[in-house]
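First the structure, in the form of structure tokens, and then the observations on it.
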Amino acid sequence: MPDVPSDTAARISLPKPLTSFIGRERELGQAKRLLAGSYLVTLTGPGGSGKTRLCIALAAEVADDYPDGVYFVPLAPVRDPGLVPSTIAQSIGLQDARDRPLMEHLVSQLRERRLLLVLDNFEHLLAGAPVVTRLLQETSALRILVSSRSSLHVSGEQECPVPPLAVPGEEASPTAASVAACESVRLFAERAAAAVPGFALDDENAAAIAQIARRLDGLPLAIELAAARVKLLPPQAVLPRLEHSLRLLTGGNRDLPDRQQTLRATITWSHDLLTGGARRLLAACSVFAGGASLEVIETVCDAAVDIGLPVLDGLQELVDHSLVRPVRPPGRYAMLETIREYAAERLAAMPEADRIRGAHAAAFLAVVDTGGRPHAGLARKEWLERVEVEHNNIRAALAWYREHDPPAALRLAAAMPAFWSLRGHHTEGRQRLADLLGLVGDPGVARVSALNGAAWLAIDQGDYAGAAGLLTESIGLSRILGDTVGEGIATVYLGRCTMSSGRILEGAPDVERAVTLMNKAGDRPAIAFAMFYSALVALLTGGLETACDLFARCGALAAELGLAPLGARARLMLGYPLLELGELSAARTALADGFQMSADVGDRWFVQLGLGGFTGLAVKTGRPRLALRLAGATEAYRNANEFSMPGPMEEIVDRWLVLARARAGAAAGRLLAEGRRLSPQEAVGLVLANEPAEPDGGARSASTHARSRSST
């Protein structure tokens, strides 16, 4: 029998790719390092992620390290695990030996050779994994590189996950220059140019291409199939059709295997390798938008469907086949959107489909509903972070309940305004609450909370008339229900609404009435909430010492109760009366602490008030040019987020800026423009990094500052 060919021409047996290899520098480097230190490396990832291309590129790059050859073994057409040895033998030029078993012959020929085998598409032949183990055990220098949607789970295996390509980050107006370096965008542009000569990434199509890459999760096969559609449609027209991506993403190159001609066929290839229980679990998991934890997946399955095996075992099988992947935070699992769409089709065919969707909605109602009527503005940091992670699941639950149980939808939505406000989802929150308040007429406490939450969001956006109407209804309904806390919160908001529109003295009595109601109810979180607005009244009516005391007490009570967002707001706002009193060192500390605390809890709305406070600090420490840059940064942030700063607070900041504009003179416009290019963090960093040049003469704590000359 002939030995393994050893001439140079024959020893490199790799497919010749007809298209360029784009990106993957990090993955290529990682796989190369693993192969240098391991005898068996398995590249794993979902179908269409580019495992085969990465294997070929890696094998070509390290070929000189294997003087006895690099051989590519295509296993996709093989259906019988027992044929793995003969397929390997054929790929390296060996014939079956008549006088002894093929494995013995194969081992004898490879025993001393420094050779690399590339076993492509092993996922459907896992029962043949012992062949790999034996080859490695009985040879001295053989190395094996495997591509598979599932690891082989054999001793000595080093798994190397191949994730989808990087996708562009979210930005308001992407340009060709800002997204051109992104791997997924480069792939789309190059494959589109192959389909339509002259096609190029430009500023007109950059936004659409970036969104296509994100919609397809950076999956190379999906991107290539989408790029092929530019023969018929520009990227801007391809994008909306991706809502049903499995229908659009067809028509791959005819020289590709059948399973790569369409994305559906690629996913079906993996689906058909699953056990029945794992298939049912895959379908059930399609209800999770953005993934879920093992505990929530188990909760939904226990309530709605029998998959025939423990959820943990089924989930492990899905992960092994790269149909589900672990994601952050740890303990969470998700699907690529194209796989989820496929799984949703399978779910629709299951008799338990509605029960599963209902169990999903119930699970996320439980996540949001903390067991009592929420006090708007009094969310805990841990709750906010959990809701942030589950936001897309909560949206799906809201949609389900709206169609099947509107009162439950109102209850869920009524718990959300704290999140919608703090994390900058004002318009979405207002629209959902308005829709459900119109749909559900039940006059219960959920309606009171929904009315109060809708009013809060309206005030945040400067719609004081709309908020007043909502609050009038809430106060009337609260009195009918005997809901003292609900009435108190509505009354606080009514005072806030009136004061925000500039009528301070008219709004102050509402805050006082709210304090009385909260004390009557004995609800400490509500008392802390009302105390914050009492402090605000004191600040706006000139009671600066009282404002300092109340903000400090509010912050302490909030900390005791674990109400981090309220504590952050109280700490930051303490800086305002301290500035007016000339306590500059204490004001600087309060503003810095409060701004960082607000950032930690994700309070986007209060960032503008933090910037306003730092503007005052810059003015009062003799840095007018920096104050104007901060004013520019504040303006840009408010415009980008469509926030509305309360009128009285804006008046305070404008009063501080009068001096800054006078000192800057003709440079004021340029300084404002420079500030508009700064992020809030950059602007605040300038204030904290530079000591004041010359504080105001009347500042009582100015001596606590170093007097080094500021570059600003």
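These numbers come from a predicted model, not from an experiment.
- Within the 3.5 Å criterion, the main-chain N or O of Ala195 finds no donor-acceptor partner in the side chain of Lys231.
- Proximity of a side-chain donor or acceptor of Asn639 to a complementary backbone N or O of Glu635 within less than 3.5 Å is detected.
- Nearest approach of Gln158 to Leu34, heavy atoms of both residues: CG-CD2, 3.5 Å.
- A donor atom on one side chain and an acceptor atom on the other are not found under 3.5 Å apart for Asn392 and Glu390.
- Between His391 and Phe419, the two ring planes are perpendicular [angle over 60°; tilted spans 30° to 60°].
- Using a cutoff of 4.0 Å between basic side-chain nitrogens and carboxylate oxygens, Arg411 and Asp369 are scored as salt-bridged.
- In this structure Glu61 satisfies the salt bridge (Lys or Arg N to Asp or Glu O under 4.0 Å) test together with Lys32, sequence neighbours excluded.
- When the side chain to side chain donor-acceptor pair (under 3.5 Å) test is applied to Arg340, the partners found at least two apart in sequence or on another chain are Glu337.
- The backbone N or O of Leu152 sits less than 3.5 Å from a side-chain atom of Glu157, completing a donor-acceptor pair.
- The line from NE2 of His425 to CZ of Arg432 is 11.0 Å long, rounded to the nearest 0.5 Å.
- A donor-acceptor contact closer than 3.5 angstrom links the side chains of Thr268 and Tyr342.
- By the salt bridge (Lys or Arg N to Asp or Glu O under 4.0 Å) test, Arg402 is found to be paired with Asp435, residues two or more places apart in sequence or in another chain being considered.
- Nearest heavy atoms, Met350 versus Ala283: SD-CB, 3.4 Å.
- Residues Ala361 and Trp400 come closest through the heavy atom pair CB-CD1, 3.3 Å.
- Applying the side-chain hydrogen bond (donor to acceptor under 3.5 Å, both in side chains) test to pairs two or more places apart or on separate chains, those with a residue in residues 354-364 are Asp354-Arg357, His360-Asn393.
- Here the closest heavy-atom approach between residue Pro46 and residue Val162 is recorded as CD-O, 4.1 Å.
- Across all their heavy atoms, Ala59 and Val118 have their closest contact at CB-CG2, 3.9 Å.
- For Glu27, the salt bridge (Lys or Arg N to Asp or Glu O under 4.0 Å) partners are Arg24, not counting sequence neighbours.
- Of the inter-residue distances, the one linking Asn121 atom CG with Ser148 atom OG reads 8.0 Å to the nearest 0.5 angstrom.
- Look at Arg677 and Glu682 and you find no salt bridge, because none of the NZ, NE, NH1 or NH2 atoms lies under 4.0 Å from a carboxylate O.
- Smallest separation of non-hydrogen atoms from Val368 and Ala415: CG1-CB, 3.2 Å.
- More than 12 heavy atoms of other residues, nucleotides or ligands sit less than 6.0 Å from atom CD of Glu428.
- In this structure Ser147 satisfies the side chain to side chain donor-acceptor pair (under 3.5 Å) test together with Asp120, sequence neighbours excluded.
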